[in-house]
Amino acid sequence: MIILKDILYKVALEVVKGSTEMAINKIEFDSRKIMENDVFVAIRGTVSNGHDFIETAINKGATAIVCDELPEVIVTGITYIQVKDTNSALAFMSTNYYDNPSTKLRLVGITGTNGKTTIASLLYQLFKKAGYKVGLLSTVKIMVDDVEYKATHTTPDSLTINHYLNEMVEIGCEFCFMEVSSHGVHQKRTEGLEFAGGVFTNLSHDHLDYHETFSEYRDVKKSFFDHLPKAAFALTNIDDKNGLVMLQNTAARKLTYALKTYAEYKAQILESQMGGLLLKINESEVWVRLIGTFNAYNLLAIYGTAVELGLERLEVLRLLSELESVSGRFQFIISDLKITAIVDYAHTPDALENVLKTIADIRTKNEQLITVVGCGGDRDTTKRPIMANIATTMSDKVILTSDNPRSENPQTIIEQMEAGVEPQNFKKSVSIVDRKQAIKTACQLAKPHDIILIAGKGHETYQEIQGVRHDFDDMKIVKEFLEQMNK
């Protein structure tokens, strides 16, 4: 039996009306899911305000309401708890409800603009190969050891995080690797969690639709490290100009990794091919199956994290050599006609430039590079012309197309991208609104040994248009078109 007052531990209470000694069923912040004796936490979201649904929650059986503003009508027999911040309250209540699961395993958070999914997913893969029971909370999926669940957000809500962490603890997971987004930190979803470590990848132009300025975006990322405990480690990429900023106020053990600068964990790329990389990590060489400089950084972060979590260095190197790329992250196929198609999640200017640089490093220049790229709707509009400029500058041909237009007109998004194409690159770019047709056109333009990059959606198996999700898998579609060309 769970008593209301017990799950309010560490919650900053301002006003309490009614008893907190009552037994409660569960916590909910979605009034549609309320059942008898539930606690309803009223969250102010970007689309709706939970305070508007307090009456609905009570009518459905909620016996306690947590809010930042008391309603005008107080219902007799209902406990009302006013707090300063309901997001923070939800985080601590969720942790308490599930008996602090993050303290019963070693939780590592990975944050930054690019690389979070790859690092978290490959750490999960590495520790599984090392024989451990492991959890994963990522953009692509949630794993409770061998059991897979669908992911809906980069960083889920506090209730969902603690629910899955509790499941991990119950089946004996020793580690969990978790993507930590700026949205998640800003909305207090990670409050109340105890992290054994934090990893910073890099910081570049993204999410300025949500964070008003780049400095705010950076400072939100930094606040994750500010709250790490003394017993944790903070591992940062110091080749990134914001790398050391992350460590300024952290109490955690400060560690660095780099390709260009002296660091505790240092790597050098000795060979770069379509088949993989030969890396020298500290003083040891290792061949890995992943491609590109950005993956050298990712693998270095993985190596450092695994060592800090207690794995033996040579064993980590052996396991690195066995890792396979994450779905939709520089995932490639080569057709019978020797056309290479690469699908990558690159949806920021920096990520797109990194992927195109990687291709430039391993191509012969005797082939065409054809890039298919779009930008998501209802997201940061300022990156659209920048991404089109990068694509048209670094590719031989570019097809500007739709990504997930969501509620926006895809033609408008493409026009905003076109504004970034410089006059000398006009002739090598074309706009095709229909993404499937754009991929088909890229395949038709390709000759043997050419390279097609399809950027922006990566692992996603849907396209969202006017609020409706349609089945759409870049890799599946390009495979079909290339196979048709073989016939």
Side-chain angles (χ1 to χ4, degrees), residues 108 110-123 125-126 197-206 218 221 225 233-247 253-309 311 313-314 316-326 329-330 342 344-346 348-363 390 394:
V108 176
I110 299 99
T111 194
T113 305
N114 302 311
K116 297 188 295 295
T117 301
T118 297
I119 292 171
S121 300
L122 292 183
L123 277 166
Q125 199 183 119
L126 186 147
V199 179
F200 171 73
T201 63
N202 49 63
L203 206 63
S204 64
H205 190 121
D206 199 19
R218 178 200 63 213
K221 295 280 190 191
F225 292 91
F233 67 85
L235 177 62
T236 192
N237 172 9
I238 54 162
D239 282 346
D240 186 283
K241 62 184 178 183
N242 291 289
L244 288 176
V245 173
M246 299 297 144
L247 302 184
R253 199 159 28 95
K254 299 175 181 181
L255 298 158
T256 58
Y257 68 97
L259 295 184
K260 303 172 185 173
T261 322
Y262 174 77
E264 278 87 356
Y265 296 102
K266 182 88 166 63
Q268 182 182 356
I269 299 173
L270 302 179
E271 286 183 37
S272 180
Q273 304 171 12
M274 187 59 86
L277 295 167
L278 180 62
L279 296 176
K280 185 176 182 181
I281 298 181
N282 289 356
E283 296 307 314
S284 302
E285 290 185 16
V286 61
W287 176 263
V288 294
R289 300 177 196 175
L290 279 73
I291 302 162
T293 303
F294 63 97
N295 270 324
Y297 280 106
N298 292 337
L299 289 161
L300 196 50
I302 291 162
Y303 176 81
T305 300
V307 169
E308 293 305 319
L309 289 174
L311 270 61
R313 288 173 185 255
L314 286 176
V316 177
L317 289 171
R318 183 185 71 78
L319 293 168
L320 283 181
S321 71
E322 297 179 4
L323 297 179
E324 296 173 359
S325 63
V326 178
R329 268 64 178 179
F330 212 95
I342 301 163
D344 194 272
Y345 188 53
T348 67
D350 187 58
L352 183 62
E353 186 172 358
N354 282 338
V355 171
L356 289 167
K357 275 182 182 174
T358 296
I359 295 169
D361 289 342
I362 56 182
R363 65 183 287 205
I390 290 167
M394 300 179 72

Shortest non-hydrogen separation from [X] to [Y] and the atoms involved:
X	Y	answer
E308	L255	CD-CD1, 3.2 Å
A301	I119	CB-CD1, 3.8 Å
Y265	L300	O-CD2, 3.5 Å
G112	T201	CA-OG1, 3.2 Å
A296	L277	N-CD1, 4.1 Å
G115	N298	CA-OD1, 3.8 Å

Hey, are the side chains of [X] and [Y] touching, using non-hydrogen atoms and a 4.5 Å cut-off?
X	Y	result
L122	V326	yes
R363	M274	no
L270	E285	yes

Quiz item: Is the closest side-chain donor-acceptor distance between D350 and T113 under 3.5 Å?
Solution: no
Practice problem: Examine the side chains of R329 and T117 and answer whether a donor and an acceptor come within less than 3.5 Å of each other. | Solution: yes
Exercise. Begin from the C-alpha positions of Y297 and D239 and carry the test side chain to side chain donor-acceptor pair (under 3.5 Å) through to its verdict.
Key: CA-CA 10 Å; Y297 280 106; D239 282 346; 2.7 Å; yes
Exercise. Check the pair L309 / F233 against side chain to side chain contact (heavy atoms under 4.5 Å, CB included), numbers first and verdict last.
Key: CA-CA 9 Å; L309 289 174; F233 67 85; 3.9 Å; yes
Practice problem: Output, in order, the C-alpha distance, side-chain angles, deciding distance and verdict of side chain to side chain contact (heavy atoms under 4.5 Å, CB included) for I269 and L279. | Solution: CA-CA 5 Å; I269 299 173; L279 296 176; 3.8 Å; yes
Working to the nearest 0.5 angstrom, can you tell me the gap between [X] [atom1] and [Y] [atom2]?
X	Y	atom1	atom2	result
Y257	N282	OH	CG	14.0 Å
R253	L235	CZ	CG	10.0 Å
K266	K260	NZ	NZ	10.5 Å
I302	I281	CD1	CD1	9.5 Å
E322	L126	CD	CG	8.5 Å
D240	N114	CG	CG	10.0 Å

Quiz item: CD of Q273: more than 12 outside heavy atoms within 6.0 angstrom?
Solution: yes
Quiz item: Checking side chain to side chain contact (heavy atoms under 4.5 Å, CB included) for the pair L320/L323: CA distance, chi angles, key distance, verdict?
Solution: CA-CA 5 Å; L320 283 181; L323 297 179; 3.8 Å; yes
Using a 3.5 Å distance criterion without hydrogens, assess whether the side chain of [X] forms a donor-acceptor pair with backbone atoms of [Y].
X	Y	answer
E353	I390	no
T236	G243	yes
S321	W287	no

Quiz item: Do K221 and L203 pass the side chain to side chain contact (heavy atoms under 4.5 Å, CB included) test, and can you show the C-alpha distance, the side-chain angles, and the key distance before you say yes or no?
Solution: CA-CA 9 Å; K221 295 280 190 191; L203 206 63; 3.9 Å; yes
Exercise. Check the angle between the aromatic planes of F200 and F225 and answer parallel, tilted or perpendicular using the 30° and 60° thresholds.
Key: perpendicular
